[in-house]
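This report refers to the structure that appears directly beneath it.
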There are 2 protein chains.
Amino acid sequence: MRIASWNVNSIRARLEHLRTFLETASPDVLCMQETKVEDEKFPEEALGDAGYRVVFFGQKTYNGVAIAARYGLGIEDVKKNLDGDEDDAPRRLIAATIEGVRIINVYVPNGQAVGTKPFAYKLAWFERLGLDLAAHHRPDEPLLICGDFNVAPTNLDVHEPKRWEGQVLCHPDERAALGKLFAWGLVDALRDKHPDEKVYSWWDYRMGAYRKNHGLRIDLALVTPPLLARTKDVWVDRSVRELERPSDHAPVLIDLAESQA
Amino acid sequence: MRIASWNVNSIRARLEHLRTFLETASPDVLCMQETKVEDEKFPEEALGDAGYRVVFFGQKTYNGVAIAARYGLGIEDVKKNLDGDEDDAPRRLIAATIEGVRIINVYVPNGQAVGTKPFAYKLAWFERLGLDLAAHHRPDEPLLICGDFNVAPTNLDVHEPKRWEGQVLCHPDERAALGKLFAWGLVDALRDKHPDEKVYSWWDYRMGAYRKNHGLRIDLALVTPPLLARTKDVWVDRSVRELERPSDHAPVLIDLAESQA
DNA sequence: GAATAAACTG
DNA sequence: CAGTTTATTC
């Protein structure tokens, strides 16, 4: 089973790229972030035409997440947002069980700048994600949390660590928050498979960052040990980031071997 | 000599259509209205690449006019706006002499709604256009005033006259204002050549007006008698109105025989 | 309904 | 730099 995660930066602005990606990469499941569309206006039909059923949880202008799965795959136990989130909370999480794998698709708050209120909210959000995990899951389940984490786990995930040191996306507090997920039992699947590789998933639109490969790896696939055992490979597909008017993120993909169970 | 007039509704949004039109219709001169761009940002190079020299008089967001002429044709005695217009007046007129023909390119104020202040401004603008004509020109000169007049001269120029009766674009006061230009000596060239033909040049973006051919003829080519004598034909080219994301106006074209002088 | 600008976020 | 909304015009 191939699962992809992509911050599309507006699904409606990205419909053509989305079709291209589904066609070429052919994932069984695609987790999307920053769909930026309310549920009433979600382009369900376009996904349907491409051969995918989709569950979504979005809002106007900001945030919004969705999981698309190839027709034939069941999408079970859909969960939206974190425990305790009010109805008007930013829509940042959608989870579902597909082919026995629990898939939690997250768009972690960006945090704006270190020390700001949004930064505190980001850290709190990570904390609450951990509580959700502890409440509903165990590290011995086949579970994947993927999405835009808005944190580069280590300096290996940053094109120019000095310039980013202490900044948002690279701050020790954010890395510590991510670390708690690792402590619970999750593993950064791409880093596990490629311990030394410089791989990025996001490049700022400004300053020709993509052209110069000034990127960060902030889109992650975290897996529990049983799923890590099934992980054949994890990689970033830059092809859609090369197109005209791309998202600023490239998709991360993970290939899983069939379950032995 | 072939002269065209087209309300492009933003020259920057219409660059591709503009290239298509210049390529296919191949006018010697193109008068444009609603360029919606300040002179510093006018896409002079794109016109140059297409083989046209261009003079322009524009502003941010609204209005803006330009005359493009095939390389090799001189563009002389450029006049911008009406006598007495202040520097900050809406930029609605550019005139030039090309191959001995005085070409006055106008974007007449829309008038918003009958009885409003903009409507009074529109009527006053027509009046001042007449004064300009009287001050600088004579009906025995080869002179063309073309552009978006925002008036349908008669009910023959309106798809459904009853629905438009007394409305802006069709109001008796506007038609009377236009009538003063006819009284001075100008002739509506298309109507002269095609006395009974239902021809439109503008279709509202809304309500599928183009599809239903619910249009008005508000883009005109008015000529003096010596130029009428040289007029071979006048028509509206709807091909660019059929493209994706078109202007709401289609170009009007006039073919002139060579001067006998 | 399509264009533009301004203010906002990432 | 690219996306969004809102207000404005036609």
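This one's a predicted model, so the numbers in the text were calculated from it and none came from an experiment.
- Within the 4.0 angstrom heavy-atom criterion, no nucleotide atom of any strand lies near A/Tyr210.
- If you run side chain to side chain contact (heavy atoms under 4.5 Å, CB included) between A/Leu222 and each of A/Leu144, A/Leu181, A/Val106, only A/Leu181 comes through.
- Going from atom CZ of A/Arg12 over to atom C1' of D/dT5 covers 11 Å, rounded to whole Å.
- Rounded to an integer number of Å, the gap from A/Lys36 NZ to D/dT4 P is 6 Å.
- As a whole-Å value, the separation of B/Leu216 CG from D/dC10 C1' is 13 Å.
- Comparing D/dT5, D/dA2, C/dA2 against the side chain of B/Arg14 picks out C/dA2 as the nearest.
- Nearest-nucleotide mapping onto DNA chain D: of A/Gly208 and B/Asn110, the residue sitting toward the 5' end is A/Gly208.
- Whole-Å rounding puts the B/Phe119 CZ to D/dT9 P distance at 18 Å.
- Ion pair A/Arg191/A/Asp157 flagged as a salt bridge, since at least one NZ, NE, NH1 or NH2 atom sits closer than 4.0 Å to an Asp/Glu carboxylate oxygen.
- When each of B/Arg128, B/Arg92, B/Lys80 is tested with B/Asp85 by the rule salt bridge (Lys or Arg N to Asp or Glu O under 4.0 Å), just one qualifies, namely B/Arg128.
- Going from atom OH of A/Tyr121 over to atom C1' of C/dT9 covers 15 Å, rounded to whole Å.
- Secondary structure note: stems in DNA chain D built from 3 or more consecutive Watson-Crick or G-U wobble pairs under 3.5 Å occupy C:1-10 with D:1-10.
- Both A/Glu38 and A/Tyr205 lie close to DNA chain D; mapped to their nearest nucleotides by heavy-atom distance, the more 5′-ward contact belongs to A/Tyr205.
- Side-chain proximity of B/Glu34 to the nucleotides D/dC10, D/dT4, C/dT4 is greatest for D/dC10.
- Looking at B/Glu34, its side chain never comes within 3.5 Å of a backbone N or O of B/Asn7 through a donor-acceptor pair.
- Applying a 4.0 Å cut-off to non-hydrogen atoms, the residues of residues 55-66 of chain B that approach DNA chain D are B/Tyr62, listed by residue number.
- Between the P atom of C/dT9 and the CZ atom of A/Arg91 lies a distance of 20 Å, rounded to the nearest Å.
- Close to D/dC10, at under 4.0 Å from its OP1 or OP2, lies a side-chain N or O of B/Gln112.
- Set against D/dT5, D/dC10, C/dT4, the side chain of B/Ala13 has C/dT4 as its closest nucleotide.
- Between the CG atom of A/Asn9 and the P atom of D/dT4 there is a distance of 8 Å, rounded to whole Å.
- Judged by distance alone, with hydrogens and angles left aside, the side-chain atoms of A/Ser5 form no donor-acceptor pair with the main-chain N or O of A/Asn105 at under 3.5 Å.
- Side-chain N or O atoms of A/Lys36 include none that pairs as donor or acceptor with a backbone N or O of A/Tyr62 at under 3.5 Å.
- Comparing atom distances between the B/Tyr107 side chain and each of D/dT5, D/dC10, C/dG10 picks out D/dC10 as nearest.
- Taking atom CZ on B/Arg241 and atom P on C/dG1, their separation rounds to 12 Å, with Å as the unit.
- A/Ala113 and A/Phe119 get closest at one heavy-atom pair: O-CB, 3.3 Å.
- Using a distance-only test at 3.5 Å, with no hydrogens or angles considered, a donor-acceptor pair links the side chain of A/Arg241 to the main chain of A/Asp248.
- Judged by distance alone, the side chains of B/Tyr210 and B/Glu242 do bring a donor and an acceptor atom under 3.5 Å apart.
- Looking at B/His159 and B/Tyr200, their side chains come closer than 4.5 Å, going by heavy atoms from C-beta outward.
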